[in-house]
Participant: 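Below is the structure I would like to discuss, written out as structure tokens.
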Protein chains: 2
Amino acid sequence: MSDAHRLLERISALFRAQLRRVSTEHGLKLVQLEALVYLDSANRYSDTPLALAEYLALTKGTVSQTLKALESSGLITKTPDEQDRRVQHCAVTAEGAAIVADALRIPADDGAPGLESALRSVLRSLQHSADARTFGVCNSCLHHQIEGGRARCGLTGEPLRKADRVKICREHEPVPLRT
Amino acid sequence: MSDAHRLLERISALFRAQLRRVSTEHGLKLVQLEALVYLDSANRYSDTPLALAEYLALTKGTVSQTLKALESSGLITKTPDEQDRRVQHCAVTAEGAAIVADALRIPADDGAPGLESALRSVLRSLQHSADARTFGVCNSCLHHQIEGGRARCGLTGEPLRKADRVKICREHEPVPLRT
DNA sequence: CCATTAAGTTTCGAGTCGAAACCATGAAGA
DNA sequence: TCTTCATGGTTTCGACTCGAAACTTAATGG
């Protein structure tokens, strides 16, 4: 029964070992690469230092330093929010995106047909089991609403562009599983 | 197509966030906990500093320090190998094992019936796609042989106890997938 | 307004990280 | 056997990460 967690640990470790290799190739720290990958697929509610801190389970102080390093390397840019001047939106630059693409290129999605669906079901279970934030995409969110062909977030009330709906959101609330 | 890697990244991040929480609870660094988890399920060919370095994709120098810290905290013990006096076997103490158990307790393997098999198939694909070491268990290894009811490692020629066969081995070579 | 809360930054000390030098022990050849 | 080389680990060093806590600035709410 703790078998699932052992498996998870092994999968996680394998993947992370690869991430670590890529990060050192590009002269980055592992955390910096992870931050880059996250920001590259975070929607506008979730591209802030605090959201990243929650995602990585780090303190905001630590994240602040990591982002400072990434910014001075020209891999991200920070722009303050229009409504709330306290929050900073972090965007990945073209150079940063190139590194992300390199990190996520899968060496063999050849011999693995069922891999993606297997991964999806793993992720779904995990999101329901984790006590912490789920960080899912809008499409799988309880707050996601469609009215007359237009997508809307029921939490903020704002309309969602197509690009935002497939990105990670920190406010994500998983739809309850039917049993 | 890089979708699989994004999924993997998310799964990995979710799991790691939990590991990080547990590690800080116990006053450990993330890497220290990861090392502990690995050593707890590594067979006698694989419980050495070098094997751990390969598993985590870290340098042996770095790992040496991490292990020193763990040893002085009383979470592992190091004993030199009988045959080759250069290698050190690292064993997790009872206190260390307790932390591992805590880290791996899954908060809800309730609502997830297919989780384990899904994880297993993910791991299998990963092991075949990774260019690096696979770190599988003997049971799934090319070198694993059974002769007259007795298990043997075809690489070292040595007999395998039951306990060793379900542990992680650094010499693991995945059985080729039939297509 | 003033107090409170919230998002980020800064500072500091402990620890991680990789690179490189180093120390053993084992193996292979002359 | 005496070298020489390879291998498993440790040590040292400088750069960076980490969490905790103090701090800055901006929003919120009597």
Side-chain angles (χ1 to χ4, degrees), chain A residues 16-17 19-36 39 42 44-73 75-90 170-171, chain B residues 16-17 19-36 39 42 44-73 75-90 170-171:
Chain A
R16 206 144 70 81
L19 265 200
R20 184 120 51 186
R21 271 182 278 271
V22 173
S23 69
T24 54
E25 268 174 32
H26 288 278
L28 295 178
K29 296 288 175 179
L30 175 60
V31 192
Q32 297 180 344
L33 180 55
E34 290 179 311
L36 222 47
L39 289 177
R44 61 193 149 129
Y45 305 123
S46 315
D47 57 357
T48 73
L50 206 54
L52 179 56
E54 285 170 359
Y55 186 71
L56 298 177
L58 295 175
T59 61
K60 53 183 183 173
T62 299
V63 165
S64 180
Q65 283 175 289
T66 298
L67 292 179
K68 192 167 69 173
L70 285 178
E71 189 181 23
S72 72
S73 306
L75 301 179
I76 66 166
T77 58
K78 285 194 276 192
T79 54
D81 187 276
E82 287 303 313
Q83 268 70 41
D84 188 337
R85 222 69 64 80
R86 291 172 305 177
V87 333
Q88 300 272 347
H89 292 281
C90 305
R170 61 184 299 210
E171 307 290 359
Chain B
R16 208 142 70 80
L19 267 200
R20 183 119 52 185
R21 272 182 278 270
V22 173
S23 69
T24 55
E25 269 174 31
H26 289 276
L28 295 177
K29 295 289 175 178
L30 175 60
V31 191
Q32 297 180 346
L33 180 55
E34 290 179 312
L36 221 48
L39 289 178
R44 62 193 145 127
Y45 305 123
S46 315
D47 57 358
T48 74
L50 207 54
L52 179 57
E54 286 170 358
Y55 187 72
L56 298 176
L58 294 175
T59 61
K60 52 184 183 172
T62 299
V63 165
S64 181
Q65 284 174 288
T66 299
L67 292 179
K68 193 168 66 174
L70 285 178
E71 189 180 25
S72 72
S73 306
L75 300 180
I76 68 166
T77 59
K78 285 194 277 189
T79 56
D81 187 278
E82 286 303 312
Q83 267 70 43
D84 189 336
R85 221 68 65 80
R86 290 172 304 179
V87 334
Q88 299 273 346
H89 292 282
C90 305
R170 62 184 298 209
E171 307 289 0

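Every heavy atom of this structure was used, including side-chain atoms; hydrogens, water molecules and symmetry mates were not. None of these values were measured; they are calculated from a predicted model. Each chain gets a letter, A, B and so on, in the order its sequence line appears, and its residues count up from 1.
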Participant: Go through the steps for A:Cys90 and A:Thr77 under the test side-chain contact (heavy atoms from CB on, under 4.5 Å), then give the verdict.
Facilitator: CA-CA 6 Å; A:Cys90 305; A:Thr77 58; over 6 Å; no
Participant: Find the distance B:Gln32:CD to C:dA14:P and express it as a whole number of Å.
Facilitator: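 Distance check: B:Gln32 CD to C:dA14 P gives 15 Å.
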Participant: When the distance from NZ of B:Lys68 to C1' of D:dG8 is rounded to whole Å, what number comes out?
Facilitator: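 Rounded to the whole Å, the gap is 16 Å.
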Participant: Between A:Ser72 and A:Ala69, which heavy-atom pair has the shortest distance, and what is it?
Facilitator: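 Looking at all heavy atoms of both residues, the closest pair is OG-O, 3.0 Å.
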Participant: Any side-chain N or O of B:Thr48 under 4.0 Å from OP1/OP2 of D:dG9?
Facilitator: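 For B:Thr48, the contact criterion (side-chain N or O under 4.0 Å from OP1 or OP2 of D:dG9) is met.
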Participant: Does the base of C:dG8 carry an N or O that pairs as donor and acceptor with the side chain of A:Lys60 under 3.5 Å?
Facilitator: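 Flag set: donor-acceptor pair detected.
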Participant: Calculate the interatomic distance between B:Leu28 atom CG and D:dG19 atom P; express it in whole Å.
Facilitator: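 After rounding, the reported distance stands at 13 Å.
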Participant: May I ask you to say what B:Leu58 touches in the nucleic acid, namely base, sugar-phosphate or nothing, with a heavy-atom cut-off under 4.0 Å?
Facilitator: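 Sugar-phosphate: the residue B:Leu58, judged by heavy atoms under 4.0 Å, touches backbone atoms but no base.
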Participant: Can you find a heavy atom in the side chain of A:Pro49 that is under 4.5 Å from one in the side chain of A:Lys60?
Facilitator: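 SC-SC contact between A:Pro49 and A:Lys60 ruled out.
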Participant: What are the two closest heavy atoms between A:Glu82 and A:Arg85, and how far apart are they?
Facilitator: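 Looking at all heavy atoms of both residues, the closest pair is O-NE, 3.8 Å.
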Participant: Expressed in angstrom and rounded to an integer, what is the separation of B:Leu70 atom CG from C:dG15 atom P?
Facilitator: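 Interatomic distance, CG of B:Leu70 to P of C:dG15: 12 Å.
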Participant: Calculate, to the nearest 0.5 Å, the distance between atoms CD and OG belonging to A:Glu54 and A:Ser46 respectively.
Facilitator: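 So the CD of A:Glu54 and the OG of A:Ser46 are separated by 9.5 Å.
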Participant: Report the residue (A:Pro49 or A:Gln65) whose heavy-atom-nearest nucleotide on DNA chain C is the more 5′ of the two.
Facilitator: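 First, find each residue's nearest nucleotide; the 5'-ward one identifies A:Pro49.
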Participant: For a quick test of reading the model: is some side-chain N or O of A:Arg20 closer than 4.0 Å to OP1 or OP2 of C:dG18?
Facilitator: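 Answer is no, no contact under 4.0 Å.
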Participant: Taking the side chain as every heavy atom from C-beta outward, state whether A:Gln88 and A:Asp81 have any atom pair closer than 4.5 Å.
Facilitator: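 The answer is no; the side chains never approach within 4.5 Å.
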Participant: Let me know the distance between NZ of A:Lys29 and P of D:dT17, rounded to the nearest Å.
Facilitator: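 Whole-Å distance recorded here is 6 Å.
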Participant: If you compare all heavy atoms of A:Pro80 against all heavy atoms of A:His89, which two are closest, and at what distance to 0.1 Å?
Facilitator: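 Reported closest heavy-atom pair: C-CD2, 4.5 Å.
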Participant: If only side-chain N and O atoms of B:Gln88 are considered, is one of them under 4.0 Å from the OP1 or OP2 phosphate oxygen of D:dT10?
Facilitator: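 For D:dT10, OP1/OP2 do not have a side-chain N/O of B:Gln88 under 4.0 Å.
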Participant: For C:dC17 and B:Thr66 - does any side-chain N or O of the residue sit under 4.0 Å from the phosphate oxygens OP1/OP2?
Facilitator: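 Answer yes for this pair, as a side-chain N or O of B:Thr66 is under 4.0 Å from OP1 or OP2.
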Participant: Does the D:dG19 base have a donor-acceptor partner in the side chain of A:Thr62 within less than 3.5 Å?
Facilitator: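 Indeed there is one.
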Participant: Taking for each residue the nucleotide of DNA chain D with the nearest heavy atom, is it A:Val31 or A:Gly61 whose nucleotide lies nearer the 5' end?
Facilitator: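 Checking each residue's closest nucleotide, the 5'-ward one belongs to A:Val31.
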Participant: Which residues within residues 78-87 of chain B lie with some heavy atom under 4.0 Å of an atom in DNA chain C?
Facilitator: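 Close to the strand are B:Gln83, B:Asp84, B:Arg85, B:Arg86.
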Participant: Can you tell me the distance, in whole Å, between the CG atom of A:Leu30 and the P atom of C:dC17?
Facilitator: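 Interatomic distance, CG of A:Leu30 to P of C:dC17: 9 Å.
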Participant: Give me the one residue out of A:Val31, A:Leu33, A:Leu36 that meets side-chain contact (heavy atoms from CB on, under 4.5 Å) with A:Ser23.
Facilitator: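 Testing A:Ser23 for a side-chain contact (heavy atoms from CB on, under 4.5 Å) against A:Val31, A:Leu33, A:Leu36 leaves exactly one candidate, A:Leu33.
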Participant: Which angle, to the nearest 10 degrees, lies between the helix axes at the two ends of the helix from C:dC1-D:dG30 to C:dA30-D:dT1, each defined by five pairs?
Facilitator: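 The two end axes of the helix from C:dC1-D:dG30 to C:dA30-D:dT1 meet at 10°.
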Participant: Applying a 4.0 Å non-hydrogen cut-off, can you work out what A:Leu67 is touching in the nucleic acid: base, sugar-phosphate, or nothing?
Facilitator: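 No contact.
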Participant: Let me know which of A:Thr48, A:Leu75, A:Ile76 forms a side-chain contact (heavy atoms from CB on, under 4.5 Å) with A:Leu39.
Facilitator: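 The option that passes is A:Ile76.
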Participant: Looking at OG1 of B:Thr66 and CD of B:Glu71, how far apart are the two atoms once the value is rounded to the nearest 0.5 Å?
Facilitator: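 Those atoms lie 13.0 Å apart.
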Participant: In whole angstrom, what separates A:Leu50's CG from D:dA26's P?
Facilitator: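 About 18 Å, once rounded to whole Å.
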Participant: In whole angstrom, what separates B:Ile76's CD1 from D:dG9's P?
Facilitator: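 It works out to 12 Å between those atoms.
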